[in-house]
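Protein chains get the first letters and strands the later ones, always in sequence-line order, with residue 1 at the start of each. These values consider heavy atoms only, across backbone and side chains, with no hydrogens, waters or symmetry-generated copies.
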There are 2 protein chains.
Amino acid sequence: MDIENSKAQMRKGILEFCILSTLSVGDAYASDIIESMKSSKLIVVEGTLYPLLTRLKNDGFLNYRWEESKSGPPRKYYKITPIGETFLKELETTWNELVSAVNKITKKNN
Amino acid sequence: MDIENSKAQMRKGILEFCILSTLSVGDAYASDIIESMKSSKLIVVEGTLYPLLTRLKNDGFLNYRWEESKSGPPRKYYKITPIGETFLKELETTWNELVSAVNKITKKNN
DNA sequence: AACAGTACCATGCAATACAAAGTACTATTT
DNA sequence: AAATAGTACTTTGTATTGCATGGTACTGTT
């Protein structure tokens, strides 16, 4: 049980929340999302992101369209669906409750 | 992918943080910890807590002593070790960074 | 002595993030 | 046009975690 592993474990379950949030601002393809997260100090790699996008799509939270690129193969641009927006709101609530609970527990020393 | 599962996944990795935090305030045995968490709206069950305590003890972050009880079998009172305190500080940093990153990503709509 | 209550422990499962390797398409270089 | 580099997407296997479930052991009461 080292700190690196703990970091990884703490991230569990928040990525779908972050992905939906990012897409609720505007459509994007995988590399856009990775860049967006990286700029907020949340590193995600392809092997993590692609399966997640597929799962979110299969659950109806996202859909996608192919779009040509000037500098490489075509890209899958993902778009959040109305059902995805609803789910996102629930995730927000869950996240806020969790942060609130953790703060309550860990700030008792003050 | 339902909301209940997402809730469960978001909790992953924060329990050890909460346990160490709770014990840094004062020694406690399992039921104390469960009560403490429950009062902060973070439900933990025995099947989760006991293995976690054992793992934290095996890693040197906790130790315990047996203590008699007036109303039942003896209890294992856990105490955080100096190494545990150090690890707790690292977990605090990790948690704060994570919350900060998620906020940055999910509050872009404002 | 039998029972209920409390406390601790062990086993098996589902879900996730990630590493690693692979496939496919495009543009550039030779 | 063939080979190469770069971009984008996909698949497979692994370690870790939270939890449900069932079980063990000890105490006090009836």
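Between A:F17 and A:W95, the ring planes are tilted. Angles from 30° to 60° get that label.
Atom CG of A:L49 and atom P of C:dA20 are 18 Å apart (whole Å). The nearest whole Å value for the distance from the CG atom in A:L91 to the P atom in C:dT16 is 12 Å. Going from atom CD of A:E46 over to atom C1' of D:dG6 covers 12 Å, rounded to whole Å. Atom CG in A:L53 sits about 15 Å away from atom C1' in D:dT11, given to the nearest Å. Per the geometry, OH belonging to A:Y64 stands 13 Å off C1' belonging to D:dA8, to the nearest Å. A straight line from CE of A:M10 to C1' of C:dA15 spans 19 Å, rounded to a whole angstrom. If you measure from atom CZ of B:R75 to atom C1' of C:dT6, you get 8 Å, rounded to the nearest angstrom. Across the protein-nucleic acid pair, B:E67 atom CD and C:dT6 atom C1' stand 16 Å apart, rounded to whole Å.
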Measure all distances between protein nitrogen or oxygen atoms and nitrogen or oxygen atoms of nucleotides 18-20 of chain D, and list the pairs falling under 3.5 Å.
residue : atom : partner : partner atom : Å
D:dG18  : OP1  : B:G13   : N            : 2.8
D:dG18  : O4'  : B:K12   : NZ           : 3.3
D:dC19  : OP1  : B:R11   : NE           : 3.2
D:dC19  : OP1  : B:R11   : NH2          : 3.0
D:dC19  : OP2  : B:R11   : NH2          : 3.3
D:dC19  : OP2  : B:T48   : OG1          : 3.0
D:dC19  : O5'  : B:T48   : OG1          : 3.4

Heteroatom pairs (N/O) under 3.5 angstrom, protein to nucleotides 23-30 of chain C:
none

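Counting heavy atoms of neighbouring residues, nucleotides and ligands inside a 6.0 Å radius, atom CD1 of B:I83 does not exceed 12 of them.
Nearest-nucleotide assignment on DNA chain D puts the 5′-proximal partner with A:K76, out of A:Q9 and A:K76.
Taking B:K38 as the reference, B:E35 meet the salt bridge (charged side-chain N to carboxylate O under 4.0 Å, His left out) condition, with sequence neighbours excluded. Looking at residues two or more places apart in sequence or on another chain, you find a side chain to side chain donor-acceptor pair (under 3.5 Å) between B:E16 and A:S6. Remark: A:D27 engages A:R65 in a side chain to side chain donor-acceptor pair (under 3.5 Å) (not counting sequence neighbours).
One hydrophobic cluster, built from ILVMFWY side chains closer than 4.5 Å, cannot hold both B:L98 and A:V45; they sit in different ones.
Within 4.0 Å of B:T54, counting heavy atoms only, lies no atom of the nucleic acid at all.
Using modelled atom types, no side-chain atom of B:S21 and backbone atom of B:C18 make a donor-acceptor pair closer than 3.5 Å.
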request  = Any chance you could lay out the side chain to side chain contact (heavy atoms under 4.5 Å, CB included) test for A:L62 and A:L20, step after step, and finish with the verdict?
outcome  = CA-CA 8 Å; A:L62 303 179; A:L20 287 174; 3.7 Å; yes
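When the side-chain nitrogen and oxygen atoms of A:Y50 are compared with OP1 and OP2 of D:dT11, none of them lie within a distance under 4.0 Å. A sub-4.0 Å separation between OP1 or OP2 of D:dT17 and a side-chain N or O of A:N5 is present.
Within the structure, the side-chain hydrogen bond (donor to acceptor under 3.5 Å, both in side chains) test picks out the following pairs touching residues 76-89 of chain A (sequence neighbours left out): A:R75-A:Y77.
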